[in-house]
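First comes the structure, then the notes that go with it.
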Amino acid sequence: MEGQQVLPRRVEITKGDNGFGFNLSKAEGRHYLRVVDEGGAAWVGGARSGDRILAVNDVSVTQRTHKELVAFIKSSGVPMSMILLATDQQMVVPEEAVPLQIYKGAQGYGFNLAKRGNMHYFKKVDELGPAHNGGARAGDIIYEVNGISVTGLSHGDHVKLVKAGGDMVSFKVVKELWQQTRDTAASTEQRLSAGDSAQQAASTTIAQARMRAEQAMIERRAEEERLQAARKKEMTLQKLSSELNELRDGIEAVTQQLEETTEKITIERIKVAKVATSEELKELEDTLLLVEAEAINELNAKQDKLPLPSRDADEIELATVQLAEMGWEFEVAACREHLASSRLADTKKLHGIAEVRRKEEKQTDTVLAADMQKRRANDMNAIEERRKRMDAQLEEIRLKKEQAAAEQKRNQEAAALRRKKEAEERAAQAIAVRRKMEAESEAKSGAEEKRRAQELEDQRFQEEDARRRKEEMQARLREQQERDEAEEAARLKNPASMFGGQVKRREPKTLTKDRHPMISIFASSAGGKTGLTSLCKPPDTYM
């Protein structure tokens, strides 16, 4: 088959817009890819028509039904992996194959696997282990694992199949002839190793045994190829038969669907005739007839391209021709059903259009009112959208203001921290300067200390003199205040002296240099000393 793979392989399929791009079928309890769309997702991944499905996402599917496999593939996720066995590699298990069942123990199965060429075998079997107790021996050739052929699989995929079996794995194995012959030759060589003549005889026996083993292997491989060809032919016929049955079932289903669609068309035509005009019905019929004529021409062209059996055609060729003819019949039935569905859909569409047109003719005012209401609703929606935009803009402005205020606050805090740091730096500098001055002052001579002591004594004397003068001034002020109060009390006791005679307006005396009149008196009595004058200067709040 063109494009078919030679060996079993793992493929990765990523689901596309049109699905995975293959159809499934089942024959004799085995699942196959019946049709793989060229250029589809499965085709791109490496799958081909006729491939047998062994596992999906490393899970064996040999014991699943067709429905279960479909559901499992739909839930497998993307991408999906498959282990496929090509048609040319679906070898028949030899008749001498023995089934084995090995149950997993606490330390595993108790064997090691290996691969020599395209054959898998037990490389090592632990004595008295689960595999040994199940009948497996080192050198046994493995043909199937859990009902799946391992011929052509990689060692890694073989191991995954074994692990997928869980606590119990089933095998079909064959004891290979060269292993038996090698064991026989080894035992013979040991028995004849006593002398030189016996050694020569043993060598001859070993050579003959090897020749017989090689001849047996050649004959067995030829028999396997013959059985494989027969099996391939049988499987091809079974697959073609299965496809024919599926096509027959499909034709029956499509025919039944066509009958149901025809009944619906009759009912719909009665409905549409009540509301549609004759011109509308004629236009629809002309369009449908044109489409049906084009479809019939395409089907006739495909019928002319159908293959014809040759004069000496075998069973496969005859079945292939029959399958092609059945496929064409299925396509004809599907096309008729599709045309009927299109006619039904177009009739329903015309029914709806005709009803709308009749209503439009009778309810023009209603349509205009509805249109006006729709425009009004659109205007209200536009106003609402404008309001929402304004709210959004206001919210954006508010957020910007808050951000600006936050930024200003951060700047102020940073400035305060900077000023605090500068103040601390200045204080540190002042402390440093003071300490420096203290250090310099301590370094001065004793004469400087005497001078400072004299200055302090002079300062104390001046402060004592100032204090004494201040006390004298306060005493004089109290005396003047008492005299003023006595004069005021005398005037109050003699009202005639206040209002009986002529009252003269008393001009206020102008203060000289912002000083109280008594200051000049005290200053003159003190001999005009400036110290007393400075002490008696009125406060700044004097008015």
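Just so it is clear, the structure is predicted and the values come from calculations on it, not from any experiment.
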Next item on the list: Taking N146 for its side chain and S170 for its backbone only, find out whether a donor-acceptor pair lies under 3.5 Å.
Entry: yes
Notebook entry, point to check: Any luck finding a side-chain donor-acceptor pair between D484 and Q480 under 3.5 Å?
Noted result: yes
Note to self: Once rounded to the nearest 0.5 Å, what's the spacing between atom CZ of R48 and atom CD of E38?
What the structure shows: 8.0 Å
Check: If you measure from CD1 on I267 to OG1 on T262, what distance do you get to the nearest 0.5 Å?
Finding: 11.0 Å
Notebook entry, point to check: Is E384 salt-bridged to R387, going by a charged N under 4.0 Å from an acidic O?
Noted result: yes
Notebook entry, point to check: Which atom names give the shortest non-hydrogen contact between Y109 and V169, and what distance separates them?
Noted result: OH-CG2, 3.4 Å
Next item on the list: Would you check if R10 and D58 make a side-chain contact, meaning some heavy-atom pair closer than 4.5 Å?
Entry: yes
Notebook entry, point to check: Atom CZ in R376, atom CG in N378: separation rounded to 0.5 Å?
Noted result: 11.0 Å
Note to self: Please find the pair of heavy atoms, one from V59 and one from F72, that lie closest to each other, and give the distance.
What the structure shows: CB-CZ, 4.0 Å
Next item on the list: Could you tell me whether the side chain of L33 reaches within less than 4.5 Å of the side chain of N23, counting heavy atoms only?
Entry: no
Next item on the list: Check whether any side-chain heavy atom of E260 lies under 4.5 Å from a side-chain heavy atom of Q257, and answer yes or no.
Entry: yes
Check: Are any of the side-chain nitrogens in R483 or E487 under 4.0 Å away from the carboxylate oxygens of its partner?
Finding: no
Notebook entry, point to check: With a 4.0 Å cut-off, would you call E422 and R419 a salt bridge?
Noted result: no
Notebook entry, point to check: Is there side-chain contact between I73 and V61, with heavy atoms separated by less than 4.5 Å?
Noted result: no
Check: Can you check side chain to side chain donor-acceptor pair (under 3.5 Å) on D458 and Q462, steps first, answer last?
Finding: CA-CA 6 Å; D458 295 341; Q462 292 176 1; over 6 Å; no
Margin query: Using side-chain heavy atoms (C-beta onward) and a distance below 4.5 Å, is N411 in contact with E407?
Written below: yes
Check: Does the pair V162 and F111 meet the rule for a side chain to side chain contact (heavy atoms under 4.5 Å, CB included), with working shown?
Finding: CA-CA 11 Å; V162 172; F111 61 76; 4.1 Å; yes
Notebook entry, point to check: Does the H31 side chain pair with the main chain of R64, one donor and one acceptor, at a distance under 3.5 Å?
Noted result: yes
Item checked: OG1 on T277 to CZ on R357, rounded to 0.5 Å -> 7.5 Å
Item checked: R435, CZ atom: more than 12 neighbouring heavy atoms under 6.0 Å -> no
Check: What is the ring orientation for H158 with H120, classed by angle as parallel under 30°, tilted 30 to 60°, or perpendicular over 60°?
Finding: perpendicular
Note to self: Nearest 0.5 Å, please: how far is CD in Q408 from CD in Q403?
What the structure shows: 14.0 Å
Checklist line | Side-chain touch R468/D465, heavy atoms, less than 4.5 angstrom | finding: yes
Note to self: Checking side-chain polar atoms at under 3.5 Å, does E385 have a donor or acceptor matched by the opposite partner on N381?
What the structure shows: no
Notebook entry, point to check: Can you check side chain to side chain contact (heavy atoms under 4.5 Å, CB included) on I53 and L24, steps first, answer last?
Noted result: CA-CA 9 Å; I53 305 172; L24 303 175; 3.6 Å; yes
Note to self: Would you compute the distance between atom CD of E243 and atom CZ of F330 and round it to the nearest 0.5 angstrom?
What the structure shows: 12.5 Å
Next item on the list: Output yes when a side-chain donor or acceptor of R52 lies under 3.5 Å from a complementary backbone atom of L84, and no otherwise.
Entry: no
Next item on the list: Please report the C-alpha distance between R491 and E488 in whole Å, then the side-chain angles of each, then the deciding distance to 0.1 Å, and finally whether the side chain to side chain contact (heavy atoms under 4.5 Å, CB included) criterion is met.
Entry: CA-CA 5 Å; R491 284 195 297 273; E488 184 68 16; 2.3 Å; yes
Next item on the list: Please step through side chain to side chain contact (heavy atoms under 4.5 Å, CB included) for the pair F22 and M82, ending with a clear verdict.
Entry: CA-CA 13 Å; F22 59 76; M82 282 187 172; 3.8 Å; yes
Check: Does E455 CD have over 12 foreign heavy atoms under 6.0 Å away?
Finding: yes
Note to self: Quick check: closest heavy atoms across A273 and L281, and the distance to 0.1 Å?
What the structure shows: CA-CD1, 4.5 Å
Notebook entry, point to check: Is the shortest heavy-atom distance from the side chain of E283 to the side chain of E279 under 4.5 Å?
Noted result: no
Under 3.5 Å, side-chain donor or acceptor atoms of residues 336-352 against the rest of the protein: list the pairs with distances, not counting sequence neighbours.
from, atom 1, to, atom 2, distance (Å)
E337, OE2, S341, OG, 2.9
S341, OG, E337, O, 2.9
S342, OG, H338, O, 2.9
R343, NH1, E285, OE1, 3.1
R343, NH2, E292, OE2, 3.0
T347, OG1, R343, O, 2.6
H351, ND1, E268, OE2, 3.0
H351, NE2, E355, OE2, 2.7

Margin query: Between N57 and M80, is there a side-chain heavy-atom distance shorter than 4.5 Å?
Written below: yes
Note to self: Regarding E395 and R398, does a basic nitrogen lie under 4.0 Å from an acidic carboxylate oxygen?
What the structure shows: yes
Notebook entry, point to check: Considering residues, nucleotides and ligands other than N18, do more than 12 of their heavy atoms fall under 6.0 Å from its CG?
Noted result: no
Notebook entry, point to check: Can you name the nearest heavy-atom pair linking V254 to A333, along with the distance?
Noted result: CG1-O, 3.1 Å
Next item on the list: Considering non-hydrogen atoms only, spot the tightest contact between T14 and P79 and give its length.
Entry: OG1-CB, 3.6 Å
Next item on the list: Please say whether more than 12 non-hydrogen atoms of neighbouring residues, nucleotides or ligands are located less than 6.0 Å from CD in Q63.
Entry: no
Item checked: Minimum heavy-atom distance A41-G19, with the two atoms named -> CB-O, 3.8 Å
